[in-house]
Participant: 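I have a structure I would like to understand better, so I am pasting it below and will then ask my questions one at a time.
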2 protein chains.
Amino acid sequence: MKRETQTQSDAYEAVFAALAHPVRRRILTTVHSEGGAMNAGAIAAMFEHAWPTTTRHLHVLVDAGLLRDERRGRERVYRIDRKRLELARAWLEGFSKDPR
Amino acid sequence: MKRETQTQSDAYEAVFAALAHPVRRRILTTVHSEGGAMNAGAIAAMFEHAWPTTTRHLHVLVDAGLLRDERRGRERVYRIDRKRLELARAWLEGFSKDPR
DNA sequence: CATTTACTTCGCCACATGGCTAAATGACGC
DNA sequence: GCGTCATTTAGCCATGTGGCGAAGTAAATG
């Protein structure tokens with residue numbers, strides 16, 4: 001789980017790459033609809049694939065800054081960071097405006 | 001260049017996968033800033049990589065419904081389809097609203 | 001302190017993606 | 001019709017991604 005400093009374009013890169021996978025999009029929508037936070041077990045239970053596969057997807061989302069993780073005893077809670085989603089939304093919004 | 005009917009989730013799939021690559025995002029922003037349409041040559045000229053590589057990226061964007069292509073004599077014009085970008089933007093906007 | 005619970009980390013493998021060069025296509029101008 | 005211009009298509013190869021099972025770790029619990 002690399003948490004390095006990123007340039008602006010690296011941020012777009014990580015965010016859009018993270019959003020590219022249907023499992024990761026579903027993780028985000030579900031966590032959001034559950035109030036913004038869920039633990040790893042509840043997230044892994046949503047899918048038929050093996051747990052390590054979910055862990056890997058969660059890493060991608062954390063590295064992209066779309067989720068933050070926090071240990072709570074022996075559970076791990078993943079929480080949505082809406083600022084990063086906002087970044088992607090703002091990029092897309094540029095196309096609704098006339099170009100400068 | 002497959003132009004098949006897509007379900008809604010296939011549409012998200014194609015759009016977000018297409019947006020995942022920096023070259024493809026740059027194609028979209030540049031075409032937009034040039035008024036919404038550019039021909040293949042002008043797009044290919046933006047990049048250092050070989051032309052067929054650009055063609056391939058253009059295909060991905062067309063298949064995702066983000067660009068439409070049109071022959072104009074021996075040139076080919078690519079035009080942005082903002083409706084599909086709107087689809088992605090709307091998906092992201094869901095996170096700014098409280099979950100139902 | 002040994003076991004169970006809740007995950008993550010480690011290798012491994014199959015398939016997808018994105019780059020290339022070379023060859024094909026289709027329209028235009030002579 | 002022949003060459004040339006604009007661009008795509010066809011194959012090829014290296015690297016990336018996403019799946020797996022097995023093993024590891026850290027906190028709670030008996």
Side-chain angles (χ1 to χ4, degrees), chain A residues 1-4 6 9-10 12-28 30-31 34 37-79, chain B residues 1-4 6 9-10 12-28 30-31 34 37-64 66-80:
Chain A
M1 206 174 289
K2 46 182 162 155
R3 294 188 193 280
E4 293 154 12
Q6 289 181 328
S9 57
D10 283 345
Y12 284 124
E13 180 57 14
V15 168
F16 282 110
L19 294 176
H21 200 286
V23 162
R24 290 189 299 257
R25 287 195 304 279
R26 207 177 140 211
I27 289 173
L28 291 174
T30 307
V31 172
E34 295 293 314
M38 279 174 84
N39 60 32
I43 295 169
M46 299 165 47
F47 301 102
E48 303 210 333
H49 58 236
W51 198 331
T53 301
T54 299
T55 298
R56 201 201 278 252
H57 284 303
L58 288 169
H59 275 345
V60 174
L61 289 165
V62 168
D63 288 345
L66 293 168
L67 292 180
R68 302 236 119 235
D69 63 333
E70 182 195 345
R71 287 213 84 151
R72 293 277 278 162
R74 59 183 152 181
E75 305 187 351
R76 192 180 294 260
V77 178
Y78 289 88
R79 190 175 311 275
Chain B
M1 204 174 288
K2 44 182 161 154
R3 296 186 192 279
E4 292 153 14
Q6 289 181 329
S9 57
D10 283 346
Y12 284 125
E13 180 56 15
V15 168
F16 281 109
L19 293 175
H21 200 285
V23 163
R24 291 189 298 256
R25 287 196 304 279
R26 208 178 139 210
I27 290 173
L28 290 175
T30 308
V31 172
E34 295 291 315
M38 279 175 84
N39 60 33
I43 295 169
M46 300 164 46
F47 300 102
E48 303 211 333
H49 58 236
W51 198 330
T53 300
T54 299
T55 297
R56 201 199 279 250
H57 284 304
L58 288 169
H59 274 344
V60 174
L61 289 165
V62 169
D63 289 345
L66 293 168
L67 292 180
R68 302 233 122 236
D69 62 333
E70 182 196 345
R71 289 214 83 153
R72 292 279 278 163
R74 59 183 151 181
E75 305 186 352
R76 192 180 294 259
V77 177
Y78 288 89
R79 191 175 312 274
I80 285 198

Participant: Which nucleotide sits closest to the side chain of R76(B): dG19(D), dT7(D), dG18(C)?
Facilitator: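 It is dT7(D).
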
Participant: Round to a whole Å and report the spacing from CZ of R24(B) to C1' of dG18(C).
Facilitator: 9 Å

Participant: Take F47(B) and R26(B) through the side chain to side chain contact (heavy atoms under 4.5 Å, CB included) test and state the conclusion after the steps.
Facilitator: CA-CA 10 Å; F47(B) 300 102; R26(B) 208 178 139 210; 3.6 Å; yes

Participant: Given V23(B), which of H57(B), M46(B), R56(B) fulfils the side-chain contact (heavy atoms from CB on, under 4.5 Å) condition?
Facilitator: H57(B)

Participant: Rounded to whole angstroms, how far apart are CG on D69(A) and C1' on dC7(C)?
Facilitator: 12 Å

Participant: Taking atom C1' of dT8(C) as reference, at what distance in whole Å does atom CD1 of I43(A) sit?
Facilitator: 14 Å

Participant: Measure the distance from NE2 on H21(B) to C1' on dT17(D) and round it to the nearest whole Å.
Facilitator: 13 Å

Participant: Rounding to a whole Å, what distance do you find between R72(B):CZ and dT7(D):C1'?
Facilitator: 16 Å

Participant: Starting at atom CG of L61(A), determine the distance to atom C1' of dT8(C), rounded to an integer number of angstrom.
Facilitator: 16 Å

Participant: Measuring from the side chain of R56(B) (C-beta onward, heavy atoms only), which nucleotide among dT8(D), dG11(D), dC20(D) has the closest atom?
Facilitator: dG11(D)

Participant: Using only side-chain N and O atoms of W51(A), determine if any of them is under 4.0 Å from OP1 or OP2 of dA6(C).
Facilitator: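 Negative; the distance criterion is not met.
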
Participant: Nearest nucleotide by nearest heavy atom, which residue falls closer to the 5' end of DNA chain D, R71(A) or T53(A)?
Facilitator: T53(A)

Participant: Does dT8(C) have its OP1 or OP2 closer than 4.0 Å to a side-chain nitrogen or oxygen of Y78(A)?
Facilitator: yes

Participant: From T30(B) OG1 over to I43(B) CD1, what is the distance, rounded to the nearest 0.5 angstrom?
Facilitator: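 Going from OG1 on T30(B) over to CD1 on I43(B), the span is 8.5 Å.
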
Participant: Between R24(A) and F16(B), is NZ or CZ placed under 6.0 angstrom from the six-membered ring centre and within 45° of the ring axis?
Facilitator: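 Verdict for F16(B): no cation-pi partner in R24(A).
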
Participant: Grab the NE2-P distance between H57(B) and dT9(D) for me, whole Å please.
Facilitator: 15 Å

Participant: R74(B) CZ to dT4(D) P: how many Å, rounded?
Facilitator: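 From R74(B) CZ to dT4(D) P: 12 Å.
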
Participant: Does R25(A) use its side chain to pair, donor to acceptor, with the backbone of L19(A) at less than 3.5 Å?
Facilitator: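 Side chain of R25(A) to backbone of L19(A), a donor-acceptor pair under 3.5 Å: yes, one is there.
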
Participant: From the list dT9(D), dG11(C), dT8(C), which nucleotide is the closest neighbour of the side chain of P52(B)?
Facilitator: dT9(D)

Participant: Touch check for A40(B), heavy atoms < 4.0 angstrom, all strands: base, sugar-phosphate only, or nothing?
Facilitator: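 Sugar-phosphate only.
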
Participant: Can you figure out which of dA27(D), dA6(D), dG21(D) approaches the side chain of E75(B) most closely?
Facilitator: dA6(D)

